Amino acid sequence: MIRINTENYRDEAIKGINDPVLQKALADLQVRFGRGTAEAYRNLPEGPGLRRKAHEIRMKAVENLDILLERLSEKIRARGGHVFFAEDADAAVKYCLETARKHNVRLAVKGKSMTTEEIGLNNAFAAAGIEIAETDLGEYIIQLAGEHPSHIIAPAIHKTRSEIGLLFSEKLKIPFTTDPETLTRAARKALREKFLSAGMGISGCNIACAETGHITVVSNEGNIRMSTTLPKVHVAFMGMERITARLSDHDILFRLLSRGAAVQKMAGYVSYIGGPRQAGHADGPDEFHLVIIDNGRTKILADEEFREMLCCIRCGACLNVCPVYGKIGGHAYGYAYSGPVGAVVTPLLVGINRAKDLCLGETLCGACKDACPVDIDLPRMLLLLRSKLADGDSKWNAGRENTGEKMLYGIWSEIVQRRWAYDAMLGLSREGSRLFTGKDGMISSLPFFLQGWTESRDMKPPARKSFMRQWKKLEKQRRVK
Amino acid sequence: MNNNRKVTLFIQCIIDGIYPEVGFAVVRVFEKLGIGVECPAEQTCCGQPAFNSGYRKDAKQAAEHFINVFGDAETIVCPSGSCVNMVRNHYPELLKDDRKWLPRALETAKRTFELSEYLVDVLGIDDLGASYGGRITYHDSCHLMRGIGVKEQPRKLIKKIRNAEFVEMYDSDRCCGFGGAFSVKYPEISTAILEDKIKNIISSNADVVTGCDMGCLMNIQGILSRKRLSIKTLHIAQLLAGESI
């Protein structure tokens, strides 16, 4: 049920690179959001250092999850809500399906949620014959097209206006148009009908609060508010790490989240939900269910070196600055989470070997760290994942990925400790390179694993005499003088 | 005035093996300043290739070798932001569980400087009396800028070069797509990123692109050469030494 396609990173990346529509969309996105976010952090009244404070808030919450989650569930249960702790994706999906069946739900409306993407909820509902209608405009578009989101916040950036016009004319039976207002109106009309007839509303959770016992969800289209208040039953999904101790923490985190996600001071709609409709409330669901998902997070929590990843609030800011994401797009990452966050979290969730290309296929430029609203050191963890692939790690069921490479580095490490051996290696590579050097003095075709370089680039061959060799000769001459 | 000052050079492996002329440009820069240079004969590589590929045990051996070779040097200067980032930020991480090596790593890290950083921040010099007749643009290498926070120092130095015009390229701080082994393992992605960099270099109308890391410059030079473009790549030391190759 869960779509994991991390093995095809390279092929999907090449597909993305060769798609001119996607290339333009990604470039526009990165200019608009990537640059704006850095500016927005600089303009914070507290300065960009607030990101460090947010990091501490998140880390403290992550280290006290047991207490915080218990407090949250107590408060929600006291208001008549249901809380279910799901060990894995299957348990979470099963719980939601059973709840839907109990209420004879034929149609559910859903606000944008990457967690439900992670657990494959839509496919499971489809298989059970229950319709889930995505209500975020971007998600709605790609659902109509039968695709998957390519960006955490902007799921349909890979689609053009005319593609959407064609799609709407086919699926919503409206005359073809590329006018955004007409298209949005058509989607709005179709979605309103869904909201009013749905038996269940499904949402994610941006950040929960233990002190007050509620979850918070944000959107810019108001669709989450409608999904969570109109239907009789509301099921919310949250990753078990998405909680803070105090309400005052939310102020900092939501300001940063909004800046990181969409260069906004605050998202358009912020909903605080603590249970079903209470006596005297004008609206809200009769039943409220909160599904708290582990699905591999306990394992991340248990590893001190990766625990920091649980600070992530899934804003997508790192995608908007990443040079690799900016070229290959979101689909190449093969799972719910794309970009730098996906490159670290996906291997941890689905298996390091299985998702090896995600952590190897990054440049380590560090732009993601600077863009992160909670200052997560993603490059550090990318490097750490690579070390698991290099040497294997039983704790993560990771096997050594490349014995040949391991051997080469083993030899290399012996060589770099001895200058005479290093000189000999340089000499060999120089002699070898002669075979490949052209008339212009450049190498335009390299063999074996170096072939990748010369597919698009030339290379200057090693010098006849290395710097150190020339230097030593000069030193000798100086001494003679 | 700098008669007593002496620096110990760590010549990055790419410079040592492929671009020795850059190493000599660094030497000339210090000669101009009357500062003596030493180059420990046993130096090889900082270990970053192994570290970035995940082979930490092997990287650790290279790190220990580096610390042994440079351990006694008062000031270590390296014409590569990436190597300095390795020594300053990754050695302590690599050796964090090693009681014997960690203090030495931290001590060595404190005494290791990138070339432009050393000239501007430590010596307080931005004018090397260099001259270059042409338009120069500058590429911010990632580990130099984000790793060790060096951004303005190279610009200060370039702006003082006589007869030269400095032009900022668009997105100068965006990765060139090199990424070490990444460039060979994922050439399609690497090239796609590099193509953007080349577009920005061309749009700047510069005749030379400079930087503080030969890794990036080798990457940029590689595609410029393949495309038969006449824009030159020069390490900042070559410009500061007054060379116009």
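Residue numbering restarts at 1 for every chain, and letters A, B, ... go by the order of the sequence lines. As the structure is a computational prediction, the values presented were derived from the model and not from experiment.
The cationic group of R380(A) does not satisfy the cation-pi geometry with F51(B), failing either the under 6.0 Å distance to the six-membered ring centre or the 45° limit from the ring axis.
Ranked by heavy-atom pairs under 4.5 Å with chain B, the list Y409(A), W453(A), Y422(A) is led by Y409(A). Counting heavy-atom pairs under 4.5 Å between each of C175(B), A181(B), C39(B), C13(B) and chain A puts C39(B) at the top. Top candidate by heavy-atom pairs under 4.5 Å with chain B, chosen from L408(A), I328(A), L426(A), I17(A), is I17(A). The candidate from P379(A), G326(A), A367(A), C359(A) with the greatest count of non-hydrogen atom pairs under 4.5 Å with chain B is A367(A). Top candidate by heavy-atom pairs under 4.5 Å with chain B, chosen from V321(A), T454(A), L389(A), is T454(A). Your options are G177(B), A62(B), P49(B), G47(B), and the one with the most heavy-atom pairs under 4.5 Å with chain A is P49(B). Ranked by heavy-atom pairs shorter than 4.5 Å toward chain A, the options G179(B), P187(B), S141(B) are led by P187(B). Between chain B and the options M459(A), Q451(A), E362(A), heavy-atom pairs under 4.5 Å are most frequent for E362(A). Counting heavy-atom pairs closer than 4.5 Å to chain B, the top residue among Q470(A), E405(A), K369(A) is E405(A).
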| message | Working note: R56(B) + L383(A), criterion side-chain contact (heavy atoms from CB on, under 4.5 Å); need CA distance, chi angles, decisive distance, verdict. | response | CA-CA 10 Å; R56(B) 297 201 169 188; L383(A) 284 165; 3.6 Å; yes

* To do: Please test Y55(B) against W412(A) for side-chain contact (heavy atoms from CB on, under 4.5 Å), starting from the C-alpha separation and ending with a verdict.
  => CA-CA 11 Å; Y55(B) 298 92; W412(A) 174 91; over 6 Å; no

Given E455(A) and T191(B), is the side-chain contact (heavy atoms from CB on, under 4.5 Å) satisfied, shown in steps? CA-CA 9 Å; E455(A) 276 173 19; T191(B) 303; over 6 Å; no

(Q) Set out, in order, the CA-CA distance, both residues' side-chain angles and the distance that settles side-chain contact (heavy atoms from CB on, under 4.5 Å) for D370(A) and R146(B), then state yes or no. (A) CA-CA 8 Å; D370(A) 287 352; R146(B) 298 193 189 86; 3.4 Å; yes

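Looking at R464(A), there are no atoms closer than 4.5 Å to chain B (heavy atoms on both sides), in backbone or side chain. Residue M468(A) touches chain B through both its backbone and its side chain, counting heavy-atom pairs closer than 4.5 Å. With a 4.5 angstrom heavy-atom cutoff, D357(A) touches chain B via backbone and side-chain atoms both.
For the atom pair CZ (R419(A)) and NE2 (H65(B)), the distance works out to 8.5 Å, reported to the nearest 0.5 Å. Expressed to the nearest 0.5 Å, how far CD1 of I18(B) lies from CZ of R430(A) amounts to 11.5 Å. Distance CD1/I415(A) to OG1/T44(B): 10.0 Å, rounded to 0.5 Å.
Although no hydrogens or angles enter the test, the distance criterion places a donor-acceptor pair under 3.5 Å between the side chain of K472(A) and the main chain of A41(B). In this structure, D16(B) contributes its side chain and F467(A) its backbone to a donor-acceptor pair below 3.5 Å. Between the side chain of K460(A) and the backbone N or O of M218(B) there is no donor-acceptor pair closer than 3.5 Å. Judged by distance alone, the side chain of H143(B) and the main-chain N or O of L364(A) form a donor-acceptor pair under 3.5 Å. At distances below 3.5 Å, not a single donor-acceptor pair connects side-chain atoms of R457(A) with backbone N or O atoms of R226(B). In this structure a side-chain-to-backbone donor-acceptor pair under 3.5 Å is present from R10(A) to K185(B).
Within a 6.0 Å sphere centred on CD of E304(A), other residues, nucleotides and ligands contribute 12 heavy atoms or fewer. Atom NZ of K24(A) has 12 or fewer heavy atoms from other residues, nucleotides or ligands within 6.0 Å.
Between D391(A) and G54(B) the shortest heavy-atom distance is OD2-O, 4.2 Å. In terms of heavy atoms, R386(A) sits closest to N52(B) at NH1-O, 2.9 Å. Pairing each heavy atom of C45(B) with each of V416(A), the nearest pair is CB-CG1, 4.1 Å. Minimum heavy-atom separation, V324(A) to F182(B): CG2-CZ, 4.1 Å. Closest approach of S456(A) to I223(B), counting heavy atoms only: O-CG1, 3.7 Å. Taking each heavy atom of C142(B) and C365(A) in turn, the nearest pair found is SG-CB, 3.2 Å.
Residues D458(A) and Q221(B) form no side-chain contact, since every pair of their non-hydrogen atoms from C-beta on lies 4.5 Å or further apart.
Between R228(B) and D440(A), at least one side-chain N (NZ, or NE/NH1/NH2) sits under 4.0 Å from a carboxylate O, which counts as a salt bridge.
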